Amino acid sequence: MSKTSIYGLTLDQLTSWLVEHGQKKFRAQQVWDWLYVKRVTEFSEMINVNKDCIQLLEEHFVLHTLKQEVKQSSADGTVKFLFNLTDGNLIETVLMRHKYGLSVCVTTQVGCNIGCTFCASGLLKKSRDLSGGEIVEQIMNVQHHLDEAGQGERVSHVVVMGIGEPFDNFENMVDFLHIINSQKGLGIGARHITVSTSGLANKIYEFADLNIQVNLAISLHAPNNELRTRIMKINRAYPLEKLMPAIDYYLEKTNRRITFEYILLKDVNDHKEEALQLASLLGDKRHLAYVNLIPYNPVYEHDQYQRSDKEAILAFYDTLKKKGINCVVRQEHGTDIDAACGQLRSKQIKKTKA
Ligand code: SAH
Ligand code: SF4
């Protein structure tokens with residue numbers, strides 16, 4: 001029997017599992033505390049847990065399924081981790097420093113099947129979903145890295161924006177959210193967590209129905225179907241006439257603000273015309289819409305896309321602002337260490353194949 005990561009269990013699941021295996025209910029709370037508050041790295045360090053229970057845990061679970069392959073630090077304090085999974089697949093996780101705290105960007109799948117033409121992750125087909133434990137472990141590895149530095153820093157924010165489409169691994173992603181949000185554990189506030197999706201409309205309805213306070217970001221990148229289908233093939237399955245009603249449902253149900261991500265690709269989607277179309281697409285929800293303009297990070301040497309010029313970015317921003325749309329140009333982190341989605345991993349894979 002292969003052992004699984006204990007970090008994949010929610011507190012309720014851990015409690016049921018321990019009770020089913022003859023342990024007292026209160027043990028779950030103790031184990032949880034050792035995992036997420038005291039943050040031990042071996043079961044044997046859980047010193048107030050009885051020997052039988054430790055043995056039981058050791059027989060069925062592991063604490064480490066991620067092996068750190070590379071850790072790169074950037075001048076701006078960004079740290080990028082490349083992890084090897086037990087099956088040899090590589091994933092990446094990024095720690096970023098902001099004025100408001102420390103955020104971690106997690107990966108949810110090995111590769112991605114959505115196939116956006118501008119994304120390094122989409123170039124490598126999805127080989128599998130990550131388990132809930134593998135997603136939680138990314139946060140734990142970064143937190144252990146901070147614990148070792150001894151400055152008492154903690155991961156305060158999480159963005160689900162690494163490799164993969166989180167809504168294509170929905171259940172594990174939702175377990176992950178519950179685990180990191182648990183007040184008895186890491187206690188990362190729901191309002192400090194953002195999940196980004198390329199727009200799987202059916203899952204947006206499910207996400208709205210979860211009734212959690214986690215933020216939602218939509219990777220929109222184009223204001224009309226023709227252009228969106230050209231750069232994101234998911235738009236065939238979920239064109240704007242399916243996506244926008246799902247977004248309206250989410251807004252009505254949660255009354256929470258949505259971030260719309262828009263990568264600016266030179267001469268592709270950065271004209272005034274697209275800015276005006278975007279403003280009219282979001283116009284009726286402008287009080288709850290926030291546009292994040294993202295400078296493009298080239299993916300390959302002879303990339304079909306280029307980053308928009310500074311002037312074009314500012315002009316796009318101005319047009320949106322004049323139409324009353326809230327927007328911001330995203331600050332970049334760790335560009336000197338390939339911190340954009342999937343870039344370190346794809347480089348490493350190329351190196352291994354060479
Ligand atoms: N699959 C989800 C979440 C992961 S991708 C999604 O698409 O939303 C998260 C974000 O990474 C995308 O919205 C996009 O903003 C960003 N991204 C991908 N490739 C990029 C690139 N080459 N340059 C800049 N940002 C990129
Ligand atoms: Fe997948 Fe997101 Fe990259 Fe598109 S942008 S290929 S959905 S990871």
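Computed from a predicted model, the values in this text were never measured in an experiment. Just so you know, ligand 1 is whichever comes first in the structure, and atom 1 is the first atom listed for that ligand.
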Test of understanding: given a 4.0 Å heavy-atom threshold, classify the contact between [X] and ligand 1 as side chain, backbone, both, or neither.
X: Ile114; value: neither
X: Glu261; value: side chain
X: Ile294; value: side chain

Exercise. Start with the C-alpha distance between His221 and Phe260, add both sets of side-chain angles, then the distance that settles ring-ring contact (aromatic ring centres under 6.0 Å, His included), and finish with yes or no.
Key: CA-CA 8 Å; His221 307 317; Phe260 292 89; over 10 Å; no
Below 4.0 angstrom, N of the basic side chain to O of the carboxylate: do [X] and [Y] qualify?
X: Glu45; Y: Lys38; value: no
X: Asp168; Y: Lys126; value: yes
X: Arg97; Y: Asp76; value: no

Self-check item: Under the salt bridge (Lys or Arg N to Asp or Glu O under 4.0 Å) test, residues paired with Asp318 that sit two or more places apart
Solution: none
Winner among [options] once heavy atoms are compared against [atom]:
atom: atom 2 (Fe) of ligand 2; options: Gly164, Pro166, Gly162; value: Gly164
atom: atom 4 (C) of ligand 1; options: Gly162, Ala120, Cys105; value: Gly162
atom: atom 20 (C) of ligand 1; options: Ile263, Leu220, Leu265; value: Ile263

Quiz item: Looking at atom 4 (Fe) of ligand 2, is one of the N, O or S atoms of Cys112 less than 2.8 Å from it?
Solution: no
Self-check item: Residues forming a side chain to side chain contact (heavy atoms under 4.5 Å, CB included) with Val174, sequence neighbours excluded
Solution: Phe170, His178, Leu210
Quiz item: Between OH of Tyr249 and CD of Glu252, what distance do you get to the nearest 0.5 Å?
Solution: 9.0 Å
Quiz item: Considering only heavy atoms, does Ser198 approach ligand 2 within less than 4.0 Å through its side chain, its backbone, both, or neither?
Solution: side chain
Quiz item: What atoms of ligand 2 come closer than 4.0 angstrom to any heavy atom of Cys116?
Solution: 4 (Fe), 5 (S), 6 (S), 7 (S)
